[in-house]
Structures are given as C-alpha cells and as structure tokens.
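The first residue of the sequence shown is numbered 1, and numbering continues consecutively from there.
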Amino acid sequence: MAVPVTTRAAPAMPFAPQPRTAGGGLLRRPSPPAAALRIAPPLFWPWQKVKVGPLSVSPMGFGTWAWGNQLLWGYQESMDTELQECFNLALKNGINLFDTADSYGTGRLNGQSERLLGKFIREYEGPMKSPDDVIIATKFAAYPWRLTSGQFVSACKSSLERLQLDRLGIGQLHWSTANYAPLQERALWDGLVEMYEKGLVRAVGVSNYGPKQLLKIHSHLSSRGVPLSSAQVQFSLLSMGDEQMELKTVCDSLGIRLIAYSPLGLGMLTGKYTTSNLPSGPRSVLFRQILPGLESLLTCLKRIAERKGKTMSQVAINWCICKGTIPIPGVKTVRHVEDNLGALGWRLSPAEVSELEAAAMESPKRMVQNIFQTA
C-alpha cells in the first residue's frame, strides 16, 4: 500500500492572466472528475474491529519483537526514528493493537520495546482521546525468580513504568512453566488475577499455551471471576498443524481470541528469500533447513498474489485473518508497515484458502515450534 507523497506546489503568479471566452468573459474551468474527489475508504470500518474480551481492536496488530533485539533482528538505536514513523503510520491507518514483552530487547536494551512504545504514544501528534486508544498487549516472562503472585504483579508495574501508562490493554503470561516448574505456574496465574483485580490490565491473556493447558488456566481464572480474553501462538501457513487447529477450536468454544504471531514464518513466506539469498544472523540456519521444501507453497502464494494484485506477504497475512485470528506481523521499517497494511480491506475466497492449505500440507517441513510451547 503506497503512502501518498505530498509535494510542494510551485508558487502561483500573483497577476497571472485568467483565460477568457471570445466575448471577454472568464472561461469556466472544467470541474475535476468525480473520481478525483472521492476519499479513499478506510482499510476497515469501525464495525469490523475484533473483540478481545472487553476491547475492540483492529483486525491486525503489529509485533515489536525486533524493537531492541540486536541478536536476531539487528536493532540499532539509530533505527528509532523510523520505528516511530512505523508506529505513526500504523495508528493513522487504524491499527491500534501493538504486541510487546518485558523481555524484548537484548542485554542493556532489555525492555527497550516497551520504552519505545511508551515514547511513541506520548509523542504521537495525531488525534488520540486517551492512551487507552492504543491497545498495548505486553507479555510477562515466567522467569525462575518470579515465584509469587506479588512478584508477577511487580513485573506488570515495571512494564507500566517503561510504557508510562496507568494500565495495559492486555497483560499476558509469556509462557507456561508446566513442563518444568508446575508449582510456579499456579502463582503466575494468581498474579494475572491480581493484575486484573487491581485494574492494572483491562484484559488477561496467555502465550505459547497448547489446548490442554489452555483449558486448565481458563478454568482457574474463571473460578476467580477473571475472563481469559486471548491466547497467542505461532500460527501461519508454516504452523498450521493439528495442535494449532485444536487450539483454535478450543479458543472458539471458550470465547478466547487467538492472536497469531510469526504469520510470515519469520520472513520465509514473503518471497524475499531463497536458498542462495538467506537472511543474516541466526535465522539463516533455520531458513536453510526449511526453504528447500517450500517450493509448492511459495509458488501457490505467488500465483494467488498475482491474481489478486497483492504481495505474497499480504496473502499470507490475509489467510490468518480468514482463519479467524488476529495476526501480528513484526515491523521495523515503513516499507514493512505499508506492505502489511495491504493485507486489510479484502478477503481470500474459500477456494483460495483451501488452495493455500493444500500447498502448505505438501511441504515436507514445518516451522520449528517455540521451545516454551506446551501441550
């Protein structure tokens, strides 16, 4: 989606002769065609927003994992100006959901993603009634030293300080400790309850939970009178296995909104990379393993993209929307924002959805699942 470019008009001649008819009257200039006067419709209408518990959010959000991550995404503080442009452009186009985490940022930059979001919200010059207009969904890490509900609430308060907000849109448990520290898990659940009861978060969610563990935390929170509003999981044409589909079914049955992270498979579904053109950094190892088996899927994505007049990224993200999820592709350049916004305002047909899924099933390898993902 192209962003309109404003150019500076040449200064008008103060006494420029006006065109006249043969009789000396002023010649009436023709009106511009009606099409030129039309205002482009928004990418989505207010009634097309999606409910996440009590919140109304855009059909797509943006992830900010790269904001502060030097190891995987090559972040440098010199990028902050463009990151702010990314935030502003997203907000101006109706995107109001931004996902982050208290662990985003490497080394001394830990928490940088939250700090940047807080700064960008404060400095945004467009219309904003209150900071609540921007839905910040942050994830709290299940660090081994966070052993009590009070410590988890303290983590939430620290995030609020970095964001310079009074309350969060969605407070999320970043991962489950059920596989290695089941006793800690209950304390973290109780921490989510306390955050909600204290008004520090407007909604509660989880990340990297499988269907079985999701049922357990939903039951626990319900017994405390706290609704579980969202579940975030890796979900894309490269991550559409039985577990993801079962999780989606469970979410639908319980009224939990599924948020799809890595909808572009860390970039593998963009069409930008090949076995001879790999990304720099640790991603290249994963890409080298998976890309050789994606020819059928990438060919299908390209064919549908050309048919629709879209990019491969836009088609892959739109597939996630068609499956009833809220995709949160990561962005770190204005070009990323422009491209991803093009995934809104249209829909793949059911036949195209099936065509993509059939091609995905032919791929011999799938995306590696998050090591913290539980059953």
Side-chain angles (χ1 to χ4, degrees), residues 1 60 62-63 65-66 71-74 208 233-248 258-333 335-344 346-371 373:
M1 169 180 171
M60 175 181 71
F62 283 139
W65 181 17
L71 178 64
L72 192 64
W73 299 106
N208 297 308
V233 68
Q234 186 171 219
F235 191 93
S236 73
L237 283 163
L238 285 179
S239 302
M240 46 168 276
D242 292 340
E243 188 171 274
Q244 279 91 350
M245 294 308 172
E246 183 183 353
L247 180 67
K248 180 64 172 61
L258 195 148
I259 299 174
Y261 74 76
S262 293
L264 297 175
L266 297 179
M268 269 185 272
L269 298 178
T270 64
K272 177 181 177 181
Y273 300 105
T274 65
T275 52
S276 58
N277 178 35
L278 298 169
S280 58
R283 281 191 299 160
S284 63
V285 177
L286 184 64
F287 280 44
R288 190 174 287 110
Q289 294 173 352
I290 299 178
L291 270 177
L294 295 187
E295 183 176 350
S296 176
L297 176 56
L298 294 178
T299 299
C300 183
L301 272 171
K302 185 177 181 180
R303 180 171 62 249
I304 292 176
E306 290 175 347
R307 185 192 309 157
K308 301 291 247 186
K310 301 293 180 181
T311 67
M312 293 169 66
S313 297
Q314 291 164 0
V315 171
I317 293 171
N318 194 272
W319 176 85
C320 292
I321 295 173
C322 289
K323 300 302 287 187
T325 75
I326 303 175
I328 49 169
V331 292
K332 61 177 185 176
T333 68
R335 182 179 58 79
H336 288 159
V337 176
E338 292 171 347
D339 190 27
N340 293 340
L341 287 173
L344 298 174
W346 59 281
R347 283 293 183 103
L348 291 164
S349 69
E352 289 166 334
V353 169
S354 297
E355 186 180 349
L356 286 165
E357 292 173 6
M361 294 300 291
E362 293 179 18
S363 302
K365 291 188 178 182
R366 298 283 185 273
M367 193 68 172
V368 176
Q369 293 303 300
N370 193 304
I371 61 172
Q373 180 70 35

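- Distance OG/Ser239 to CD/Gln244: 5.5 Å, rounded to 0.5 Å.
- In this structure, the side chains of Phe287 and Leu266 come closer than 4.5 Å at one or more pairs of heavy atoms.
- The heavy-atom pair separating Pro263 from Ala316 by the smallest distance is O-CB, 4.3 Å.
- Interatomic distance, Lys308 NZ to Arg303 CZ, rounded to the nearest 0.5 Å: 13.5 Å.
- For Asn340 and Gln314, the side-chain atoms include no donor-acceptor pair closer than 3.5 Å.
- The minimum heavy-atom distance linking Thr275 with Pro292 is given by the pair CG2-CG, 3.8 Å.
- Contact annotation: the side chain of Asn318 approaches that of Arg347 to within less than 4.5 Å [non-hydrogen atoms, C-beta and beyond].
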Please lay out, stage by stage, how Leu278 and Tyr273 fare under the test side-chain contact (heavy atoms from CB on, under 4.5 Å).
CA-CA 6 Å; Leu278 298 169; Tyr273 300 105; 5.5 Å; no

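- A heavy-atom distance below 4.5 Å is found between the side chains of Ile259 and Ile328.
- Only one option out of Thr270, Thr274, Leu269 pairs with Lys272 in a side chain to side chain contact (heavy atoms under 4.5 Å, CB included); it is Thr270.
- Minimum heavy-atom separation, Ser284 to Gly281: OG-O, 2.9 Å.
- Thr299 is not listed as a side-chain neighbour of Leu294, based on a closest heavy-atom distance of 4.5 Å or more.
- At a threshold of 4.5 Å between non-hydrogen side-chain atoms, the residues Ser236 and Ser262 do not count as touching.
- Asp339 approaches Ser313 most closely through the heavy-atom pair OD2-CB, 3.5 Å.
- To the nearest 0.5 Å, atom CG of residue Leu344 and atom CD1 of residue Ile317 are 8.5 Å apart.
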Going through the checks in order, is the side-chain contact (heavy atoms from CB on, under 4.5 Å) test met by Ile321 and Leu348?
CA-CA 9 Å; Ile321 295 173; Leu348 291 164; over 6 Å; no

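- Contact check for Met268 versus Arg283: no side-chain heavy atoms found under the 4.5 Å cut-off.
- Counting heavy atoms from C-beta outward, Tyr261 and Asn208 have side chains that approach closer than 4.5 Å.
- Under the 4.0 Å criterion applied to side-chain N and carboxylate O atoms, Glu357 and Lys323 are assigned as salt-bridge partners.
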Walk me through whether Glu246 and Asp242 qualify under side-chain contact (heavy atoms from CB on, under 4.5 Å).
CA-CA 6 Å; Glu246 183 183 353; Asp242 292 340; over 6 Å; no

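- Here Thr325 contributes atom OG1 and Met60 contributes atom CE; the two are 11.5 Å apart, rounded to the nearest 0.5 Å.
- Counting all heavy atoms, side chain and backbone alike, Gly324 lies closest to Lys248 at O-CE, 3.6 Å.
- Thr311 has its side chain out of reach of Val315: every pair of non-hydrogen atoms, C-beta onward, lies at least 4.5 Å apart.
- If you take OG on Ser363 and CE on Met240, they are separated by 9.0 Å, rounding to the nearest 0.5 Å.
- Around the CG atom of Asn277, the shell of radius 6.0 Å holds more than 12 heavy atoms that belong to other residues, nucleotides or ligands.
- A perpendicular orientation is assigned to the rings of Trp73 and Trp65, their planes being inclined by more than 60° (bins at 30° and 60°).
- Here the CE atom belonging to Met361 is positioned 13.5 Å from the CG atom belonging to Leu356, to the nearest 0.5 angstrom.
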